Number of protein chains: 2
Amino acid sequence: MATRTPPAPSSETKVPRTERGRQTLRKLLDAAAKEFGEKGFHEASISGITRRAGMALGSFYTYFDSKDEIFRALVKDMSGQVASHAGGAITPDLAPFEVERAALRAFLEFARDNKEVYRIVDEAEFVDPASFREHYETTARRILTRLKKGEAAGAFQPGMEEAHAWALMGMNVFLGLRYCVWDEDTDADRVADMANDLLRNGIGRD
Amino acid sequence: MATRTPPAPSSETKVPRTERGRQTLRKLLDAAAKEFGEKGFHEASISGITRRAGMALGSFYTYFDSKDEIFRALVKDMSGQVASHAGGAITPDLAPFEVERAALRAFLEFARDNKEVYRIVDEAEFVDPASFREHYETTARRILTRLKKGEAAGAFQPGMEEAHAWALMGMNVFLGLRYCVWDEDTDADRVADMANDLLRNGIGRD
């Protein structure tokens, strides 16, 4: 992944006070993404994480108390990374439909570069249901804010509500799974164009 | 659940030759849905399944060799039940958009009555990835067949393809999770109307 966002602060994570500490935490979270992504929560181990991070086992406990705690922090961190990638692709000059296309395009790119994000978020449904729910609720709220903004600007139909945000989120998540995680043969721009056209015009012929 | 579909035949399941055998298999699968849905794959046990089914432990082995095998059969069975519920709601008199509305409405009802379907299918991603993939690929193929039929009838835009089916499936799955599994306050008819309108007209204002 080209850009690295700072770790999302979590109430449980001991927030590092120095830049060096922040870098160490970032390394631990990246190593945890690989460890949990490859092995799944149950097979993953703290020693596997520190080994991947090239650190001594003891360093882990400066930041986290347990495997559960770093998993929880990782889901929050990945959720934040998804948000910041989408957010980073949205520039002030974009019209509301262009914003949705850019957000989906950025998400597809993120999913392609970080295939483990699906496995980790999906496993949270079993390992840490509150984090799973929080990820989707937060994402849906962010989408709804965009939809209401587009409605206010006169680009989207009146009456945008939560269900529209969930429909759009589901569409984006499944397109990412099919065309970025399972199979990369389809051009992401083509997928984003199709989805944006569906969102704009629907599939009705009239 | 009001109607019970016959168990989907699986290459591994010993297909019962008698009506009584088929009923016993149905009971085992229904008990397995409850056991896996409540406890998750790892905590679930064969004895828990037979206890819920009101059977002797030995009866299990007439049909399945292992917990893995009944889990695999259950995912296939639930996938078949989702399909037959949607299919059962589609009558020959319905126009293409009415077909999509009816299929979603039936799916939402199924999800509300069988909340464990999400947990079981989602856990298959970890326990039995091939079944997880097979469920979504099969569902997407079924949706694409409907979309192409609607296109041929002149109701849908030309060029319906697999990505449209995945977008529609994702929309439906996420609406079911939010409004039927997590929370039942929102009227399913209202959700189906919103989704159908999005599919027909998009959210563009022009």
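Residue numbers begin at 1 in each chain, while the letters A, B, ... track the order of the sequences. Keep in mind that this is a model prediction, so the values were computed, not measured.
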Which answer fits A/Asp197, side chain, backbone, both or neither, if we ask what part of it has an atom under 4.5 Å from a heavy atom of chain B? side chain
Pairs of heavy atoms under 4.5 Å with chain A: top-ranked of B/Glu137, B/His42, B/Met169, B/Glu123: B/Glu123
Without swapping roles, check the side chain of A/Gln157 against the backbone of B/Gly202 for a donor-acceptor pair under 3.5 Å. yes
Under a 4.5 Å cutoff for heavy-atom pairs, which residue among A/Ala155, A/Pro96, A/Gly159, A/Ala167 has the most contacts with chain B? A/Ala167
Could you tell me which of A/Glu151, A/Met160, A/Arg205 has the largest number of non-hydrogen atom pairs under 4.5 Å with chain B? A/Arg205
In terms of heavy-atom pairs under 4.5 Å, which option from B/Gly150, B/Gly154, B/Ala140 contacts chain A the most? B/Gly154
Counting only non-hydrogen atoms closer than 4.5 Å, does A/Ala163 touch chain B with its backbone (N, CA, C, O), its side chain (CB onward), both, or neither? both
Please state whether the side chain, the backbone, both or neither of A/Phe156 comes within less than 4.5 Å of a heavy atom of chain B. both
Do A/Arg200 and B/Ile203 come close enough that some side-chain heavy atom pair is under 4.5 Å? no
Is A/Val191 close to chain B through its backbone or its side chain, or both, or neither, when contacts mean heavy atoms under 4.5 Å? neither
Residues in residues 174-184 of chain A near chain B [non-hydrogen atoms, under 4.5 Å]: A/Phe174, A/Leu175, A/Leu177, A/Arg178, A/Tyr179, A/Trp182
Which value, rounded to the nearest 0.5 Å, describes the distance between A/Met171 atom CE and B/Leu168 atom CG? 10.0 Å
Need one label for A/Arg190: side chain, backbone, both or neither, based on atoms under 4.5 Å from any heavy atom in chain B. side chain
Taking side chain as everything from C-beta outward and backbone as N, CA, C, O, which of these in B/Arg119 sits under 4.5 Å from a heavy atom of chain A? Side chain, backbone, both or neither. both
Could you give me the CA-CA distance, side-chain angles and deciding distance for A/Thr186 and B/Glu162, then say whether side chain to side chain contact (heavy atoms under 4.5 Å, CB included) is met? CA-CA 11 Å; A/Thr186 310; B/Glu162 190 196 66; 5.7 Å; no
Could you give me the CA-CA distance, side-chain angles and deciding distance for A/Phe126 and B/Phe126, then say whether side chain to side chain contact (heavy atoms under 4.5 Å, CB included) is met? CA-CA 10 Å; A/Phe126 304 97; B/Phe126 305 98; 4.2 Å; yes
